[in-house]
Protein chains: 2
Amino acid sequence: MSSSQDTGRSVLRSLNTGAVLRAVVESGPVSRAGIARATNLSAVTVGAIAGELLGQDLIVENGDTDATAGRPGRLLELNSGAYGSIGVKLSDRSVTGVLTDLRSKVLAEASRPLEHPSAEDFVRVLRDLTTSLTADAGMDWDRLLGVGIGLPGVVDRGAGTAVYSPFLQWIDVPVAELAETALGLPVIVENDVNTLALAERWFGRGQGVQDFLLVTVGQGIGLGVVLGGELHGGARGGVGELGHMVVTDADEACSCGSTGCLEAVASEGALLRQSEVLTQRSGSDPVLDMDELYHRAESDPDHADLVDVAGERIGRGVANLINVLSPELVLVRGPGRFEGSRLAARMTESVAHHTFAGLAGRTELRVEHLDDMPWARGAASLVLSELFMSPATAPGAKAMRSGRIQ
Amino acid sequence: MSSSQDTGRSVLRSLNTGAVLRAVVESGPVSRAGIARATNLSAVTVGAIAGELLGQDLIVENGDTDATAGRPGRLLELNSGAYGSIGVKLSDRSVTGVLTDLRSKVLAEASRPLEHPSAEDFVRVLRDLTTSLTADAGMDWDRLLGVGIGLPGVVDRGAGTAVYSPFLQWIDVPVAELAETALGLPVIVENDVNTLALAERWFGRGQGVQDFLLVTVGQGIGLGVVLGGELHGGARGGVGELGHMVVTDADEACSCGSTGCLEAVASEGALLRQSEVLTQRSGSDPVLDMDELYHRAESDPDHADLVDVAGERIGRGVANLINVLSPELVLVRGPGRFEGSRLAARMTESVAHHTFAGLAGRTELRVEHLDDMPWARGAASLVLSELFMSPATAPGAKAMRSGRIQ
DNA sequence: TCCACTTTCTTTGTAAGCTTAACTAAGAAA
DNA sequence: TTTCTTAGTTAAGCTTACAAAGAAAGTGGA
């Protein structure tokens, strides 16, 4: 793991090393011969690369294949505990961090309040959080591969900047640079929903799926797009504003300046506002949160309507995405109260109704639970993803992207 | 151009050959030294690859750089005329074909009626069309790189099949296989809008643009998606059903079985139907085509409304795409009557209104003219695109995709 | 017990491809 | 004519991959 900067090392080897590493990660414990079959590389090459990876402590030998005939193969598997990755989720009031192993298993977690969401404050808190996590997990500092940071808003991952984050009120903040100088570790910044999508791609429902979408439903409505196995970032990283898709003629003003956005007509905030109008008109008790709103919908037809309309609209948005991108899988994740709710049910119906017939049955829709921790865990997987995609450049240095193949 | 199948030849060389070829195509006439700078390859490698390409007749030397100092470089450029590509656009009543050179310049064009859109009939017509085009252009048959076929509907490019084409009433037809055996040439099948998008990417507005969308407005509403410089095909090729996006509460039934689709509320057909209701109600003369409808909208406020609403809705659809994918460029192409029409103007306004503020100014919107010929020309560029992306495998054989890097 | 058989992994030799360094080529300017 | 600068080529060395052959390590039958 020492000499990661040998520029002479060919990109070809790097690609093949990546392929071997991915085979180990994805095909569990596997023999060298098995890797050779999976990657189409020669046994010799696999042997050599496996030797390097063993030397780097990234993989370990662990037991043999039970051979029916012939010499049993020595099983190789990821040495999960050898290195760690730190993931940080930034919201407007707090910073949540985790330290994970190479398999994205959480080894330590912690949270800190963020009084003023200024970049300086954040970096200070980040430094504290990172040292604390490393101590908690009992991990050597130089075994850290890097830090992934997920934050809401438009993020330019290549430049490492927060381009525009309304929640944090950040505009063009060079987050990665600030954090790198403060920590002395490689830092990757990404939109928070994207980090979640990446975690799904490597360790969740998206494993082995080429094209999938992750939709997060909650305070806002977010979207992560994985196409061809890779996260789509878009021009300067501004992807996934599903909350500002328009699927109705209702022209409620949205905070973004447009009208009729999903976020303005079907987000949790929008539902609570709509409920307030209803309860004021009827003189009934006000509804304070979503749990209560779902409960009210069971008895009050007006509230039921309200939820139905919102579900139909969110479903339209999801169906629109399916019609346009035709992914294999759409994963809708929301807080506990969302899964199994009337809102989710209506949404599912609406998706089925509005999906183009020619594409029917081609896309799977899953509605699942979303805790808080995966956000930070997703950010940690940013670093792991870089490792698995281009191990030659990791750890220790920024990804070299010369474009040249040598 | 003879020995294209040496399996021993490393993929590495193939990648670099592609890079050199692309540099020649994209940077016009350029010296070896210029290519080396552009690709980051060494001068030696560029020299060797250039030698191979010269031997294959793919590029030629043509003049020198005007050197201010030092030895002038010998300019290399694509030998456009050396090889040809055939492109075919299939609609329900006719087959249009072109033969282009390597720069996508049309050398010959022809059209044939298609009485019964059966696969057998099509192959027969295709054979006739191909020989006729080749004769017209005075090109040697063995200088043909291949045939690209664009057809409406869901196409599985990898399998070479038309999965589902409502227009043609084709389901799971192995078009590529049928055509390959009939012609003895490599055949690539793709959705027609996608072929158009590919032509833009290589020879049109999309040159040098990483992420862009092509929206075609006409009888239907189509979409081609280019992300990261590559056409996005989606799961089994079903991408781009923008016509079936829902952006309104109007629940007009659509031919696809859903309700409220763009195609049902804002396509040319939908507008004419809506106009019919108006004229019948008011007893005025019926509107027969779009030209007349635009004209009527200038004097009749009801018709103006109708166009305005449709424009607003199409604009919503386009803005939705921008919010979700954040491309650098959205190219909207329609028939002559569309560009500069009231419909286009309203659409543009609507896009601006509904685009998420955080993404503003990041996406360029262009509305331009769309003839008939580009469809077939786009299909021809399918073949050229394969050449530029992986020249080692072309011409003569199906793309080898072992996944192994050697 | 021993020997054939199968499968895994390593060693050895060879070919391909890229890079650097040195060299030749070719024009402009002093 | 000499010097400078840029273009392109040749030579040498390094990395990497493959193929072939050997060594290792089991099973199973005679």
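Just so it is clear: chains get the letters A, B, ... in the order the sequence lines come, proteins before strands, and each one is counted from 1.
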Here the distance between atom C1' of C:dT19 and atom CD1 of B:Ile49, to the nearest Å, is 13 Å
Whole-Å distance, A:Glu61 CD to D:dA24 C1', equals 14 Å
Which protein N or O atoms sit under 3.5 Å from an N or O of nucleotides 4-8 of chain D?
{"unit_1": "D:dT5", "atom_1": "O2", "unit_2": "B:Gly70", "atom_2": "N", "d": "3.3"}
{"unit_1": "D:dT6", "atom_1": "O2", "unit_2": "B:Arg71", "atom_2": "N", "d": "2.8"}
{"unit_1": "D:dA7", "atom_1": "OP2", "unit_2": "B:Arg37", "atom_2": "NH1", "d": "3.3"}
{"unit_1": "D:dA7", "atom_1": "O4'", "unit_2": "B:Arg71", "atom_2": "O", "d": "3.3"}
{"unit_1": "D:dA7", "atom_1": "N3", "unit_2": "B:Arg71", "atom_2": "NH1", "d": "3.0"}
{"unit_1": "D:dG8", "atom_1": "OP1", "unit_2": "B:Arg74", "atom_2": "N", "d": "2.7"}
{"unit_1": "D:dG8", "atom_1": "OP2", "unit_2": "B:Arg32", "atom_2": "N", "d": "3.2"}
{"unit_1": "D:dG8", "atom_1": "OP2", "unit_2": "B:Ala33", "atom_2": "N", "d": "2.7"}

note: A:Leu76, atom CG; C:dT8, atom P; distance rounded to Å ~ 13 Å
Quiz item: Looking at A:Asn16, does any N or O in its side chain come under 4.0 Å of the phosphate oxygens OP1/OP2 on D:dA17?
Solution: yes
TODO: Just do the side-chain contact (heavy atoms from CB on, under 4.5 Å) check on B:Arg205 and B:Phe212 with the steps written out, would you?
DONE: CA-CA 9 Å; B:Arg205 295 290 183 198; B:Phe212 74 90; over 6 Å; no
Applying side chain to side chain donor-acceptor pair (under 3.5 Å) to A:Arg37 and not counting sequence neighbours gives none
A:Ile35 atom CD1 is separated from C:dT10 atom C1', nearest whole Å, by 15 Å
Quick note, salt bridge (charged side-chain N to carboxylate O under 4.0 Å, His left out) partners involving residues 74-84 of chain B, not counting sequence neighbours, are B:Glu61-B:Arg74
Below the 4.0 Å mark, does C:dT19 have OP1 or OP2 next to a side-chain nitrogen or oxygen of B:Thr45? yes
The side-chain contact (heavy atoms from CB on, under 4.5 Å) partners of A:Thr195 (sequence neighbours excluded) come to A:Glu190, A:Ala379, A:Leu382
Side-chain contact check for A:Arg13: nearest option of C:dC18, D:dT16, D:dA19 is D:dT16
Residues at least two apart in sequence or cross-chain that pass side-chain contact (heavy atoms from CB on, under 4.5 Å) with B:Ala82, listed by chain then number, are B:Asp57, B:Asn79, B:Arg143
Residues passing the side-chain contact (heavy atoms from CB on, under 4.5 Å) test with B:Ala36, sequence neighbours excluded, are B:Val46
Picking from C:dC18, C:dT19, D:dC18, the nucleotide nearest the side-chain atoms of A:Leu41 would be D:dC18
